[in-house]
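Nothing fancy with the numbering, it's 1 onward along the sequence.
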Amino acid sequence: MSGLNRSLNLLRAVLRHQIIPKANISAKPAKHVLSAGEQVFVMVTMFVTILGPSGWVLAHLEDYKKRPGGAE
């Protein structure tokens, strides 16, 4: 029973002395404000870049299954 008490005391000591760093957060206004057109362009570019290839693969999935020379 004393071994259990010692291990619990050690665990409490470790948890008591943990140092949590403080985040340096500053709320400043943006240096360059983006217009609505720039925001739309960036969002469309991101969606096409990320979803375009995955959409292509999903649209041609049946073609990939029928590839000649594949395992049947």
Legend entry - ILVMFWY clustering at 4.5 Å (side-chain atoms), partners of Val48: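 Members besides Val48, by chain and number: Val40, Val44.
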Inset, instruction - For His32, enumerate each residue passing the ring pair (Phe, Tyr, Trp, His ring centres under 6.0 Å) test, keeping only those at least two apart in sequence or located in another chain. - result: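 Checked His32 against ring pair (Phe, Tyr, Trp, His ring centres under 6.0 Å); zero matches.
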Legend entry - Considering all heavy atoms, the nearest Thr49-Thr45 contact: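 The pair with the smallest heavy-atom distance is OG1-O, 2.7 Å.
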Legend entry - Any pair counted as ring pair (Phe, Tyr, Trp, His ring centres under 6.0 Å), so long as it reaches residues 36-57, sequence neighbours left out: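 Non-adjacent pairs meeting ring pair (Phe, Tyr, Trp, His ring centres under 6.0 Å): Trp56-His60.
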